[in-house]
Structure formats: C-alpha cells, structure tokens
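First the proteins, then the strands, lettered A, B, ... as listed; each starts at 1. Side chains are part of it too, since the values below use all heavy atoms of this structure and drop only hydrogens, waters and symmetry mates.
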Number of protein chains: 2
Amino acid sequence: MADESTLAPDDPRTGDITTAVEDGRRARGRRTRESILDAAVDLASVEGLDGLTIGRLATALGMSKSGLFSHFGSKEELQLATIDAAREIFIREVFAPAREADRGLPRLVALLDAWLAYMRREVFHGGCFFDAVRNEYDSRQPGPVRDAVRADFATWSESLANRVRSAQAHGHLDPGADPEQLAFELDALGGAANVRFQLDRDEVAFERARRGIHSRLEALAV
Amino acid sequence: MADESTLAPDDPRTGDITTAVEDGRRARGRRTRESILDAAVDLASVEGLDGLTIGRLATALGMSKSGLFSHFGSKEELQLATIDAAREIFIREVFAPAREADRGLPRLVALLDAWLAYMRREVFHGGCFFDAVRNEYDSRQPGPVRDAVRADFATWSESLANRVRSAQAHGHLDPGADPEQLAFELDALGGAANVRFQLDRDEVAFERARRGIHSRLEALAV
DNA sequence: CCTACCGATCGGTAGG
DNA sequence: CCTACCGATCGGTAGG
C-alpha cells in the first residue's frame, strides 16, 4: 500500500515533517475519493445521477454521509466528478484498445467492437453509464450536469464521424458517404443493443447490432 | 361538461337518487383522475417515473398531496396507471393513424412516420415517454413497473416485426430478410433520433433517422 | 377532496 | 473522517 514515504522521492517538499504528514493525508483522501467515485459510477449507471444519493453511497461504502460529502462541495460536484470518473473508464475500456488497430476502417471497426464488448461485459452494473445519463438528462432544464452529458455525447459522436472520415481518407470507405449520417446509424445500433440487453438480458441484441453495423460498413466498403 | 344527467340514459341505475349522486361523484372522480394522469405522463417523460413524486404532481395541479394520493393506493399504482395512460396516448397518436394506410409496406412506413412525427411534435414534454422509462428501468431490480415497461417494449418490437412480415407477405419486401433484425434496426434509428433531438433540439436528428430507415427499406424492396 | 400528521430520507452544515 | 444536527421533501395514514 502506498503511503507518504513511497511518494517522498519525487516530492520536493520531503524533509518537512508537517507537509509529509499533510501529503499522507492527501494521498489517503485521494484514494478514498477514488473508491467513492468507483461506487458512484456503478450506482449511477443503474439508478441514474439523480438516484445517486449521498446517503445510499455512504451506506454502500460503510462511511458517514458527511465524511463522504466532505470530498465534494455539493451533490452537483459529486455528479460532475462521477461523470469525469466514468469518462476515464470509458477511455480506458473503449478508446484505448481501439487505438491498437491500424488507422482507417480497421480502427473504426475496433472502436465499435470495443464499445459493444464494454457493454456486453458490463463494465458498469447498469450497462453503459453514458447511455443511462444521456437519456436521464436529455429533456432536463439546462445546467452544468446536463452540459457535461451533452459535451461527452458530442465528443463520442465526433469521434465516430472522425473515424469514418479517416476510413474514407485511407480509401477504405466510399468517400461519397455522409460521415455524420453513418456515425448516427452506428451509434443508434449500439445504443439499442445496450438498452435491450439490460432489459431482456438476451445477448442476441449484440448480435443484431453487430449485423447491422457490418452490413452498413460492407455496403460502403470500397 | 358531462355530469350524471348526461350519462343517465345509458345507466341502468337511473332513478335512484342515491346512486345518481354517487355516479356524479364517480364521474367527477374519473375526470380528476384523468387530469392527474395527463400531468403525470408529461412529468414522467421529463423526470422519469421515479422523479414523478406525489408532492410535485399535486403542486402542479393545485391539489393536496393526500387528495391526489386517494386516487391511487400507492406510488407504484400511480406509476402503473401513468404507463397505462401513456399507452393509450401512444396508440391514439402512433398506431391509430398508421392503420389508415394500406396493408404491407405502406402501413409499415406510415407507422414509422407517425412515430417520428409523434416524437418531433413532442406529444409529451420530454419526448417519447416509453424511451424515457425504458432507459430508466432497464437495469433496475425486477418489479411490477419494470415488468410493465418491458411488456410495452415487447409489444412495440413485435408490432414492428409483424408489419415487416406483412410487407413481405404482400410481396413488398424481400421475403429472405430477417423481420426481427429489420425491426431492431428501425427501432434503433428512431430511438436515437428521439434522444438526440431532446439533447440538441436539432431537427436534423429526425432527418438522419428518416434517411436511415428509408435506405434500409429501399435495400430490401422488391 | 381536505388538514394534520407520521417516520424516513434528502442535501447540506457546525464543530470537532 | 466523525457525531449531531437542520429544514425540506418523500410516500403514506388518520380522520373527517
């Protein structure tokens, strides 16, 4: 287990016993915060960012409400931090593996495969965190949480469209195809698989999504 | 405004002043219940069936909590009644108009058009009620509300697949196509348009769905 | 349909 | 990180 002494070599403040103790506290606080956010992301994927209550989260972690709350200034900050934590996991589980594939169509296919696999193995208990919160906040009043949800979805949509454009630039897909249109359809198929799998727990949903995705890509392959 | 006297001709209990008064009360109660459910469906399409709280609903209707509550035995009964009310509206706004079209492909297209139009004109404030509650309950613990949501979604999926089969039987669509697969893809495109429109308020989402739907149908047309 | 409640839980604060 | 609170709101009940 890491404590202040293992961090000391890289710490310019080493030698001052007071700051060393403070750093130890900070490191412990950071670890606690991370474990809170791991639980928060999981809970929110099932109950939504509204159902993510401080009391429930504290009970799940065996902490007091106020102890947990002290890591965040408000429920909204907790919600925003939870979105940040989910984004990091999504990047690690979906974007990162896809980067191993060759540029162009192989990378687009790898991204979609990694996305479906992430939904299938339920990295979060309630399926795709972002699918859940997007549907939860899509018709809510404007606010920082809704803005964050919107921004992440825009990033995802643009990533898909950019990888379509890259596949076109590499001569793998018909350059006449509309990248935004194709990105819309690919996202739609994966999103439908996520909600159907969560509802029926029938893997056929992913098979349907995969078939739809590959038939779209094959139709545009050159 | 309808009251007990306008209902009397069809009522076998006419003539008994006590039951007439009771019927009047019942009719008034029924109308109140209906106005509650209209508001409930709208609120739930934005805030979800969990966010549908008795206090909020009572305030919106200018009623007392307990007065409203007396129409339902529990919050769960209110949620189930809200789903019933939303179903009736969906049938009236989506299924019924599609029945005007000729059997086969025209009716399938009419159903999809009516569905997109219903989402576009926001029959419910938060977009498609069923899309909202399906995503809200997909990963929840089993229970009567989740079961009702599942059942309605199964009905919708089967309706789409049956209309695909009818179009095949009428020689309008390739009989070799998998009706369930096509129904999955058509539903996915419409669902994606709903959430995107709610998030960005950009009508292009419906254009994308329409283009995707028509290209799928054209590819299978005979 | 109302007033007047109930215990539980909500987000949040004081003070250590 | 805790105990001990706060006012507001939750679903629900008693009694009329």
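Nucleotide C:dT3 holds its C1' atom 14 Å from the CE atom of B:Met63, rounded to whole Å. A straight line from CZ of A:Phe72 to C1' of D:dC1 spans 14 Å, rounded to a whole angstrom.
Checked for salt-bridge contact, B:Asp202 and B:Arg196 miss the test: no charged N lies under 4.0 Å from a carboxylate O. Note on A:Asp50 versus A:Arg140: salt bridge recorded, some NZ/NE/NH1/NH2 to OD/OE distance being below 4.0 Å. With respect to A:Glu93 and A:Arg121, a salt bridge is recorded, a charged nitrogen being found less than 4.0 Å from a carboxylate O. Contact check on B:Glu100 versus B:Arg107 returns no salt bridge, with no Lys/Arg side-chain nitrogen under 4.0 Å from an Asp/Glu carboxylate oxygen. A salt bridge between B:Arg150 and B:Asp138 is absent, with no side-chain N of the basic residue lying under 4.0 Å from a carboxylate O of the acidic one.
D:dG11 and C:dC6 make up a base pair, with Watson-Crick or G-U wobble contacts both under 3.5 Å. Figure legend. D:dG16 is base-paired to C:dC1; pairs are counted as Watson-Crick or G-U wobble with both atom distances under 3.5 Å.
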For this session: Can you check each nucleotide of nucleotides 11-16 of chain C against protein heavy atoms at under 4.0 Å and return B for base, S for sugar-phosphate only, - for none, in 5' to 3' order?
Result: BBB---
Identify every side-chain donor-acceptor pair in residues 34-45 of chain B under 3.5 Å, counting partners at least two apart or on other chains, and give the distances.
unit_1	atom_1	unit_2	atom_2	d
B:Ser35	OG	B:Thr32	O	2.8
B:Asp42	OD1	B:His125	N	3.3
B:Asp42	OD2	B:His125	ND1	2.1
B:Ser45	OG	B:Asp42	O	2.8
B:Ser45	OG	B:Gly126	N	2.9

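Within a heavy-atom distance below 4.0 Å of DNA chain D, no residue of residues 134-150 of chain A is found.
In summary, the aromatic rings of B:Phe90 and B:Phe129 are positioned with their centroids too far apart to meet the 6.0 Å limit. In this structure, the ring of A:Phe130 has its center no less than 6.0 angstrom from the ring center of A:Phe153.
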